[in-house]
Enquirer: 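Pasting a structure below so you can have a look.
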Amino acid sequence: MAKYSKSYILNDAKIKGVHYVRLQFTDMLGVLKAVEIPVKKLDDALKGEIMFDGSSIEGFVRIKEADMYLKPDLDSWLVLDFEDSTYGKVARLVCDVYTTYGKPFPGDPRYILKRAIKKMNDLGIAKMNVGFEPEFFVFKLDENDQPILKPTDKGSYFDLSPLDGSNSIRRDISLELEKLGFVVQTAHHEVGVGQHEINFKYSDVLTACDNLQTFKQVVKMVSRKHGYHASFMPKPIAGIAGSGMHANCSFSDESGHNIFYDENGLLKLSLICRKFISGILKHSRSLCGLTNPVVNSYKRLVIGYEAPCFACWSDANRSAMIRIPSVRGESTRIELRNVDPMANPYLALAAIIQAGIDGIVNIDENNLVPPVYDNVFTLTREQREAKGIANLPENLKDAIKEMRNDPLIKETLGDHTYDKYIHAKTLEWEEYRKIVTDWEVQKYL
């Protein structure tokens, strides 16, 4: 049932003094975009009558097909109290992108996720719940107001002030999130200097992805108000832990009961849960092109920093790509540990759903991937191969190759986005391949 109506939104905007409305959408690479309108155009926006030029948006249309429409999700209405405006408050609506023919644009990442959700619903699964654990660094700015690789503190895991010199930033971010309706669960300093994690309550997969985009916006804007720069780059500093974005996932039925839990199942997990895990692991290497989408992502997926490098699952082993947190019952879930915060959440979760569904539909109970109890980091390649444990890709080039070889990725993204995404990532790798790095200069000059 819809939370908000058009009349409610128009009245709420009037009561709260909203002067501008931001119509938000996400491009293929996960970058948040927006068209801002004065509040007098809000009624037109709610009717889906606001047009924009999609020809310059990454992964969108060609010049001759430039005109596109933004159709707001009314339940995403949010007044952004953290934004200062001399002329009045700013609100946002998350939008779906439509063509001039009144059809959903097939390259809209939100639509791609909706297609995956429908496929899940057609199997009788009512909802997928997702809780993200995004990590980020906060850096200082130089005299030209540009970010530099100087963290704001010298803290480490769970440290307090004075070692954690950024606790006030983290607290302000949490307070602003709560004003927006987020249920913040934990906020703490992470392992790396200047690194932080703020966790908020799970929600259905579509809302979780919308919330993540808002979360990133709040983190960056609050950090900037403090005179710093927040970065979601997976591995900004060599030699210390990188930033992940663990995705905690579970299924529920029409009654809201967790269908990943089975008191009598292996590790108290249901058959559908273990099939879902097996499907993800089957496609793990090709999924990385979406869950770990940039050159820098693979500097994080190395041994020594608790980031997963191998496609396996375990009940508690943090060397595994998929971990099962110890709680059971309604809180039973899987934790995908390889995902990083540069991922487009809509595309990454769409592919994860599709991979899991492939496991549910096509993997026989006798062929399920068994859990691993070893510390996989200590095993040799031969030992891992004997256990059927594959390496995750070691670079973006390998990930692109795996995407090309897996029909499920093309099915998930659709022809339009698949072709443009592969092209964009191939160009990214080629650009990186031609760069001479500081390491090379110091090593060989």
Side-chain angles (χ1 to χ4, degrees), residues 25-33 54-66 68 96-99 101 103-120 122 128 205-206 209 213 247 279-298 311 336 338-340 342-359 361-362 390 392-393 395-433:
F25 59 101
T26 298
D27 75 5
M28 179 184 72
L29 300 182
V31 179
L32 193 62
K33 303 289 185 178
S55 61
S56 298
I57 304 298
E58 190 70 63
F60 276 36
V61 295
R62 297 180 293 272
I63 294 293
K64 65 181 182 180
E65 303 166 334
M68 314 207 81
D96 295 308
V97 181
Y98 274 67
T99 68
Y101 302 104
K103 301 291 185 181
F105 170 51
D108 177 11
R110 204 168 186 265
Y111 172 69
I112 290 170
L113 175 57
K114 283 185 173 182
R115 286 198 306 120
I117 293 170
K118 184 180 185 306
K119 189 171 181 180
M120 177 186 74
D122 290 344
M128 181 181 186
V205 60
L206 186 64
C209 292
Q213 296 296 74
I280 292 173
L281 293 178
K282 173 183 173 182
H283 298 279
S284 57
R285 287 179 57 83
S286 59
L287 288 175
C288 283
L290 296 167
T291 58
N292 308 92
V294 300
V295 166
N296 184 253
S297 295
Y298 299 88
L336 281 86
N338 66 308
V339 187
D340 74 49
M342 288 294 287
N344 181 327
Y346 303 100
L347 298 185
L349 267 296
I352 288 166
I353 290 172
Q354 296 275 30
I357 287 174
D358 181 40
V361 173
N362 296 315
L392 295 181
N395 53 56
L396 183 60
K397 178 186 177 182
D398 290 346
I400 295 167
K401 181 179 178 181
E402 293 293 335
M403 291 181 74
R404 290 183 186 275
N405 293 333
D406 190 346
L408 180 132
I409 300 298
K410 189 168 187 176
E411 178 190 344
T412 299
L413 299 182
D415 291 344
H416 178 96
T417 300
Y418 175 81
D419 291 339
K420 288 183 176 289
Y421 191 90
I422 293 288
H423 179 67
K425 291 300 162 183
T426 300
L427 289 178
E428 182 177 340
W429 175 255
E430 287 301 315
E431 181 183 353
Y432 170 71
R433 193 170 68 88

Enquirer: Kindly indicate whether the side chain of Leu290, heavy atoms from C-beta on, has any atom under 4.5 Å from the side chain of Met403.
Expert: yes
Enquirer: Is there a side-chain contact between Lys119 and Glu411 (heavy atoms, below 4.5 Å)?
Expert: yes
Enquirer: Can you tell me how far CD1 of Ile357 sits from OG1 of Thr412, rounded to the nearest 0.5 angstrom?
Expert: 9.0 Å
Enquirer: Is a salt bridge present between Arg433 and Glu428, judged by a nitrogen-to-oxygen distance below 4.0 Å?
Expert: no
Enquirer: Contact between Arg110 and Lys114 at the side-chain level, heavy atoms closer than 4.5 Å - yes or no?
Expert: yes
Enquirer: Can you tell me how far apart CZ (Arg115) and CD1 (Ile117) are? Round to the nearest 0.5 Å.
Expert: 11.5 Å
Enquirer: Between Ala351 and Leu408, what is the shortest heavy-atom contact and its length?
Expert: O-CD2, 4.2 Å
Enquirer: With side chains defined as the heavy atoms from C-beta onward, is the minimum distance between Asn292 and Asn338 less than 4.5 Å?
Expert: yes
Enquirer: Ala348 and Ala343: which non-hydrogen atoms are nearest, and at how many Å?
Expert: CB-CB, 4.3 Å
Enquirer: Please give me the minimum heavy-atom distance between Thr417 and Gly107, naming the atom from each residue.
Expert: OG1-CA, 3.2 Å
Enquirer: Should Leu396 and Tyr432 be marked as a side chain to side chain contact (heavy atoms under 4.5 Å, CB included) after you check the CA-CA gap, both sets of side-chain angles, and the distance that decides it?
Expert: CA-CA 10 Å; Leu396 183 60; Tyr432 170 71; over 6 Å; no
Enquirer: Just so I know, are the side chains of Tyr418 and Arg404 near enough to count as touching, which here means a heavy-atom distance under 4.5 Å?
Expert: yes
Enquirer: Within the 4.5 Å heavy-atom criterion, are Leu347 and Leu113 side-chain neighbours or not?
Expert: no
Enquirer: Is any side-chain heavy atom of Pro345 less than 4.5 Å from a side-chain heavy atom of Thr26?
Expert: no
Enquirer: Compute both the distance and the angle, then confirm whether Lys425 meets the cation-pi test with Tyr421: under 6.0 Å from the six-membered ring centre, within 45 degrees of the axis.
Expert: yes
Enquirer: Heavy-atom count around Met342 CE within 6.0 Å, excluding the residue itself: above 12?
Expert: no
Enquirer: For the CG atom of Asp415 and the NZ atom of Lys420, what is their distance to the nearest 0.5 Å?
Expert: 12.5 Å
Enquirer: Can you tell me if CD on Glu430 sees more than 12 non-hydrogen neighbours from other groups inside 6.0 Å?
Expert: yes
Enquirer: Could you go through the side chain to side chain contact (heavy atoms under 4.5 Å, CB included) check for Asp108 and Asp96 one step at a time?
Expert: CA-CA 7 Å; Asp108 177 11; Asp96 295 308; 4.0 Å; yes
Enquirer: Could you measure the distance from the OG atom of Ser284 to the CD1 atom of Ile352? Nearest 0.5 Å is fine.
Expert: 11.5 Å
Enquirer: To the nearest 0.5 Å, how far apart are CG in Asn362 and NZ in Lys282?
Expert: 5.5 Å
Enquirer: Check Tyr298 against Ala399 and note the closest heavy-atom contact, atom names and distance.
Expert: OH-CB, 3.2 Å
Enquirer: Rounded to the nearest 0.5 Å, what separates atom CZ in Phe105 from atom CZ in Phe25?
Expert: 10.5 Å
Enquirer: If you take all heavy atoms of Gly30 and Asn344, which pair is closest and at what distance?
Expert: N-ND2, 3.3 Å
Enquirer: Before you tell me yes or no, could you show the steps for Leu392 and Asp398 under side chain to side chain contact (heavy atoms under 4.5 Å, CB included), namely the whole-Å CA-CA distance, both residues' side-chain angles and the distance that decides it to 0.1 Å?
Expert: CA-CA 9 Å; Leu392 295 181; Asp398 290 346; over 6 Å; no
Enquirer: Which pair of heavy atoms, one from Asn405 and one from Pro407, lies closest together, and at what distance?
Expert: O-CD, 3.6 Å
Enquirer: If we ignore hydrogens and angles and just use 3.5 Å, is the side chain of Ser297 paired with the main-chain N or O of Val294 as donor and acceptor?
Expert: yes
Enquirer: Heavy-atom distance under 4.5 Å between the side chains of Leu413 and Asp419, does that happen here?
Expert: no
Enquirer: Stepwise, does the side chain to side chain contact (heavy atoms under 4.5 Å, CB included) test hold for Leu287 with Ile280?
Expert: CA-CA 8 Å; Leu287 288 175; Ile280 292 173; 3.9 Å; yes
Enquirer: Where the side chain of Asp358 meets the backbone of Gln354, is there a donor-acceptor pair that is under 3.5 Å apart?
Expert: no
